[in-house]
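To start, the structure under review is shown below, and the notes come after it.
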Amino acid sequence: YLHSATMVKLGVFLCARLFPIFNGLDWWAPLVAGVGLVTMTLAALKALLVFDLKAVLAWTTVSQLGALIAQYGLAERAGLSHDYLHILNHVLYK
């Protein structure tokens with residue numbers, strides 16, 4: 001389980017670490033926001049359509065990770081201040 005949870009969060013962590021570097025590029029924010037919003041929406045719809053509890057939890061996790069990625073794309077130039085709070089909230093309710 002540790003390996004799986006680590007690999008899932010690694011993409012979000014990498015995006016957070018690269019945020020200051022790529023934030024100045026014009027194409028980066030719309031791309032990241034678009035990918036995050038599409039992922040969040042499709043995963044939420046998939047979570048509504050499955051009947052297995054384990055699958056529901058998995059798809060809601062994917063949806064929340066998409067929301068985090070979308071936050072990085074929609075963030076102001078100054079950066080993010082509440083992304084760790086979102087991750088902590090997600091960890092506590094899962």
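Keep in mind it's a predicted model, so treat the numbers as computed, not measured. When a residue number appears, it is its place in the shown sequence, counting from 1.
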remark   = From the list Lys54, Gln64, Lys46, side chain to side chain contact (heavy atoms under 4.5 Å, CB included) partner of Trp59 resolves to Lys46

query = With the 4.5 Å side-chain cut-off for hydrophobic clustering, are Leu18 and Val35 part of the same group?
reply = yes

message = Side-chain heavy atoms nearer than 4.5 Å, only ILVMFWY residues, links allowed to pass through others: does that put Leu49 and Leu57 together?
response = no

query = Given the rule that I, L, V, M, F, W and Y join up when any side-chain heavy atoms are under 4.5 Å apart, are Val62 and Val50 in one cluster?
reply = yes

query = Nearest heavy-atom pair of Leu74 and Ala33: which atoms, and what distance?
reply = CD2-CB, 3.8 Å

query = Taking a hydrophobic cluster as the set of Ile, Leu, Val, Met, Phe, Trp and Tyr residues connected by side-chain heavy atoms closer than 4.5 Å, whether directly or through intermediates, do Val12 and Leu31 fall within one such cluster?
reply = yes

query = Among the clusters formed by ILVMFWY side chains lying less than 4.5 Å apart, do Ile69 and Leu65 turn up in the same one?
reply = yes

message = Are Tyr72 and Trp28 an aromatic pair, judged by ring center distance below 6.0 Å?
response = no

key: Nearest-0.5 Å distance that lies between atom OG1 in Thr60 and atom CG in Leu48   = 10.0 Å

query = For the residue pair Ala47 and Val56, what are the closest heavy atoms and their distance?
reply = O-CG2, 3.8 Å

inquiry  = Can you give me the closest heavy-atom contact between Val32 and Gly73, atom names plus distance?
reply    = CG1-N, 3.7 Å

remark   = On a heavy-atom basis, the closest approach of Ala67 and Met40 is CB-SD, 3.6 Å

